[in-house]
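What follows is one structure encoded as structure tokens, with my remarks underneath.
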Amino acid sequence: MAKLSVEDLVVTYGSVKAVRNVSFTVEDGEFVSLLGPSGCGKTTTLRCIAGLEGSSGGTIRIGDDVVAADGRDVPPEKRGINMVFQSYAVWPHMTVFENVAYGLRTRREPAANVDAKVREALRIVGLEGYADRYGTELSGGQQQRVALARAIVTSPRLLLFDEPLSNLDAGLRDRMRYELVELQRRLGQTSLYVTHDQSEAMLMSDRIILMKDGEMIQSGTPQDLYNRPATRFAAEFIGNANILNGVIARSSSDGSAFARLPGGLEIEGQFSWPEQMRSSGSVLVCIRAESIARIPDGEGGANCFDAEVVSTSFLGSVVSCMIRIGEVTLRAELGARRHPRSGETIRVRIEPDTVILISEH
Ligand SMILES: Nc1ncnc2c1ncn2[C@@H]1O[C@H](COP(=O)(O)OP(=O)(O)OP(=O)(O)O)[C@@H](O)[C@H]1O
């Protein structure tokens, strides 16, 4: 296993700058995701690390080895990495055993070693009884496990994943997320994972690197990105928040402030980044649907309001509602036990420390 470090990576295709000065590290044994919308440059970044794509600038190190810098590129097979793709790329004319053994055989490992390592890899991914099956005789989930076994059998220094679960149906994808992360933790395998699915990145990663238009927007733990989004884009992309334009009405030195929303409604929130603290001017107010709670009628305190229920959708554990507080309309997720009805007036509280204030320059 080894640490990955990417410094100032730049990739240009003609006049398109696909990756702009991206820098990050993945520590030994860490699971990091590159997250962002389609076209933000995450696959290009991953392919540069794999050596499948040339970079226009920057340095990539795996362990102590510089594998890309100043136009010098170590070929993919010499980087000590393996990659798992969205298409499973399992060879249909080979058995599961042969598929997994391939990388070891090209290294000319002794037959006894190959046998032991392949069987161990198949055991790890839960395919012990499948060694003699052909690729065509496997389900999508089983093929993806073969691809995983093939990737771990050679004990790479770094595993790269390019949207590996996208082709699986929703139920299996969900199960595989847990399996994959459990396997990664057990093996302590340094891993970089590309996805456009924020819930996948949240669930699996030690750290997330959020990208947009070829740039890194923010990086941190899933909790950091959820609780302390640095920009409107981060707040919208992670966790789907209500974002409103407001003006600072009052503030205090501890980072809390009252923002005035359209119609004059004042709401208390927190600047999550000290360098963004303002005592006046415009501000984005980020209110998560799940941080709006229904409280008994008449209850008072900070950020307690009467709200009109505009519409409701029953989602099982919660009811997704549109509510109106004065002139402000918000999406709220309320407990399903006391099912709110359209047209009803309810009392809600929005905890001040869950209201995130973001200043955009
Ligand atoms: N070979 C290429 N030639 C020209 N432009 C390219 C090439 N490969 C990628 N691009 C462009 O570079 C940008 C980044 O592409 P990339 O595939 O890295 O994005 P992505 O975030 O992985 O998107 P997706 O999730 O859709 O795969 C896009 O604007 C894309 O059109």
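Computation of the quantities below employed the complete heavy-atom set of this structure, encompassing side-chain atoms and omitting hydrogens, waters and symmetry-equivalent molecules. All ligand and atom numbering here is 1-based and tracks the order in the structure.
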Distance under 4.0 Å to a non-hydrogen atom of [X]: what atoms of ligand 1 satisfy this?
X     : answer
Thr43 : 17 (O), 18 (O), 20 (P), 22 (O), 27 (O)
Pro37 : 21 (O)
Cys40 : 19 (O), 20 (P), 21 (O)

Name the closest protein heavy atom to [atom], giving the residue it belongs to and the distance to 0.1 Å.
atom                    : answer
atom 26 (O) of ligand 1 : Ser38 OG, 2.6 Å
atom 14 (C) of ligand 1 : Gly39 O, 3.5 Å
atom 12 (O) of ligand 1 : Ala18 CB, 3.2 Å
atom 1 (N) of ligand 1  : Tyr13 CE2, 3.7 Å
atom 18 (O) of ligand 1 : Thr44 OG1, 2.4 Å

For this session: Look only at interatomic distance and state if His196 has a nitrogen or oxygen under 3.5 Å from any nitrogen or oxygen of ligand 1.
Result: no
Exercise. Any nitrogen or oxygen of Val16, main chain or side chain, under 3.5 Å from a nitrogen or oxygen of ligand 1?
Worked result: no
Problem set entry | Atom pair CE (Met202) and CG (Leu225), whose distance is rounded to the nearest 0.5 Å | 7.5 Å
Problem set entry | From OG (Ser87) to CG (Asn167), nearest 0.5 Å | 7.5 Å
So that I can tick it off, tell me whether [Y] and [X] are bridged by a salt bridge, with the cut-off set at under 4.0 angstrom between side-chain N and carboxylate O.
X      : Y      : result
Arg79  : Asp73  : yes
Arg177 : Asp197 : yes
Lys3   : Glu27  : yes

For this session: Using a distance threshold of 4.0 Å (strictly less than), state whether atom 8 (N) of ligand 1 has a protein heavy-atom neighbour.
Result: yes
For this session: Answer yes if the side chains of Thr25 and Ser5 hold a donor-acceptor pair under 3.5 Å, and no otherwise.
Result: no
For this session: May I ask you to check whether Glu351 and Thr354 show a side-chain donor-acceptor distance below 3.5 Å?
Result: no
Exercise. Is there a donor-acceptor contact under 3.5 Å from the side chain of Asp174 to the main chain of Ala170?
Worked result: no
For this session: Consider ligand 1: state whether an atom of it lies below 4.0 angstrom from any non-hydrogen atom of Gly36.
Result: no
Exercise. For Lys42, is the nearest heavy atom under 4.0 Å from an atom of ligand 1?
Worked result: yes
Exercise. Within 45° of the six-membered ring axis of Phe97 and under 6.0 Å from that ring's centre, is NZ or CZ of Arg119 located there?
Worked result: no
